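A quick note: this is a predicted structure, and the numbers were derived from the prediction, not measured.
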Amino acid sequence: MSKLVDSAAEAVAAVARDGMTVAVGGFGLSGIPTSLIIALRDSGARDLTIVSNNMGVDGKGLGLLLENRQVRKVLASYVGENRLFAQQYLDGDLDVEFVPQGTLAERLRAGGAGIPAFYTPTGAGTPVGDGKPHKDFDGMRTVLERAIVADLALVRAHRADLEGNLRFRLTARNFNPLVATAGRITIAEAEIVEDVHLHPDDVHTPGIFVRHLVASEIRDKDIEQRTVRPRVDA
């Protein structure tokens with residue numbers, strides 16, 4: 001059965017609502033589901049909790065949701081490239097939970113695997129662990145972290161088939177596969193949608209996790225920090 005939907009706006013508008021938790025794939029601006037983020041912005045859903053490695057940059061990626069004042073809380077591991085994020089946080093308009101990057105990845109993985117919580121030494125004895133249960137294992141102090149299960153997950157794949165099987169490319173594979181499994185409803189956009197099934201060895205996320213699929217509508221890929229050097233032969 002084909003999971004392909006005509007547009008990102010159609011797919012997101014059918015499920016977006018105020019107050020929902022949304023997990024979003026990508027790493028920096030690499031592998032972010034730009035078409036779906038724009039559709040979420042245009043849906044007008046507010047008071048969102050966003051779970052993502054970072055919040056994009058000013059005017060790009062998840063920064064678009066911050067500009068539109070749609071975000072109430074953020075769970076992220078890195079937010080240093082977004083001035084608006086910092087300003088809203090300092091003004092008290094945004095609730096922020098900083099999560100160590102590996103812990104964030106494992107919380108998403110656990111959510112997708114049906115594991116409600118896990119102990120990790122990361123953050124134990126630091127402000128990250130404040131208010132959380134602690135336990136010693138073989139002399140190692142650990143902190144209990146809850147899994148993340150999002151109401152909606154948005155991911156971007158390089159290739160997909162009509163059944164929703166996904167393959168990610170390079171850095172885009174860092175968080176997208178984890179996010180895809182951690183959503184009660186997962187919507188994927190893909191740069192290439194194949195008419196034939198992906199080979200099983202090429203599948204990173206099985207289609208069973210994907211509710212809807214759309215073809216990427218935004219083909220341009222932004223670069224977070226363009227760094228160049230003179231060519232040797234110039």
From [X] [atom1] over to [Y] [atom2], what is the distance, rounded to the nearest 0.5 angstrom?
X	Y	atom1	atom2	result
F98	L104	CZ	CG	12.5 Å
L213	I187	CG	CD1	10.5 Å
M55	L94	CE	CG	7.0 Å
H134	T142	NE2	OG1	8.0 Å
M140	T120	CE	OG1	9.0 Å
T186	H212	OG1	NE2	10.5 Å

Side-chain contact test, heavy atoms from C-beta onward, threshold under 4.5 Å: evaluate it for [X] versus [Y] and give yes or no.
X	Y	result
L36	V12	yes
V203	P200	no
V143	V128	no
V155	P33	no

Indicate yes or no for a side-chain donor-acceptor contact from [X] to the backbone of [Y] under 3.5 Å, with no hydrogens or angles considered.
X	Y	value
K135	Y119	no
E189	A8	no
E145	T103	no
S52	V24	yes

Nearest heavy-atom pair of [X] and [Y]: which atoms, and what distance?
X	Y	result
G183	A153	CA-CB, 3.8 Å
P177	T205	CA-OG1, 3.7 Å
V210	A188	CG1-CB, 4.2 Å
S77	N53	OG-OD1, 2.6 Å
D202	R159	OD2-NH1, 4.1 Å
A172	S30	N-OG, 4.0 Å

Using a 6.0 Å cut-off, check whether atom [atom1] of [X] has over 12 heavy atoms from anything other than its own residue.
X	atom1	answer
Y89	OH	no
L90	CG	yes
R141	CZ	yes

Pairs satisfying side-chain hydrogen bond (donor to acceptor under 3.5 Å, both in side chains), at least one member in residues 55-75, at least two apart: T49-R72, N68-Q70, R69-D93
Inter- and intrachain pairs under side-chain hydrogen bond (donor to acceptor under 3.5 Å, both in side chains), touching residues 162-179, at least two apart: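 Every side-chain hydrogen bond (donor to acceptor under 3.5 Å, both in side chains) pair that includes a residue of residues 162-179, provided the two are not neighbours, is D161-N165, R167-H204, R173-H204.
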Spell out, yes or no, whether [X] and [Y] are grouped together once hydrophobic residues are joined by side-chain heavy atoms under 4.5 Å, including indirect joins.
X	Y	value
L198	L162	no
L144	F137	yes
F118	V179	no

S216-E191 side chain donor-acceptor pair, cut-off 3.5 Å: no
R107 with E97: basic N within carboxylate O range, under 4.0 Å: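 Yes, this pair counts.
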Qualifying residue for side chain to side chain contact (heavy atoms under 4.5 Å, CB included) with T21, from V149, L152, V51: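 It is V51; the other options fail the test.
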By salt bridge (charged side-chain N to carboxylate O under 4.0 Å, His left out) - contacts of R17 (at least two apart):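 If we apply the salt bridge (charged side-chain N to carboxylate O under 4.0 Å, His left out) test to R17, skipping adjacent residues, the hits are D151.
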Those residues that, when tested against F209, pass ring-ring contact (aromatic ring centres under 6.0 Å, His included) (two or more places apart): none
Mutual orientation of the aromatic rings belonging to F27 and F175 [parallel < 30°, tilted 30-60°, perpendicular > 60°]: parallel
T34: partners by side chain to side chain contact (heavy atoms under 4.5 Å, CB included), with sequence neighbours left out: I32, I38, R156, I218
Verdict with supporting geometry, N54 and F85, side-chain contact (heavy atoms from CB on, under 4.5 Å): CA-CA 10 Å; N54 61 284; F85 180 101; over 6 Å; no
Listed once per pair and sorted, the ring pair (Phe, Tyr, Trp, His ring centres under 6.0 Å) pairs that draw on residues 40-67, sequence neighbours left out: none
N82/L62 under side-chain contact (heavy atoms from CB on, under 4.5 Å): CA gap, chis, key distance, verdict: CA-CA 10 Å; N82 196 309; L62 290 169; over 6 Å; no
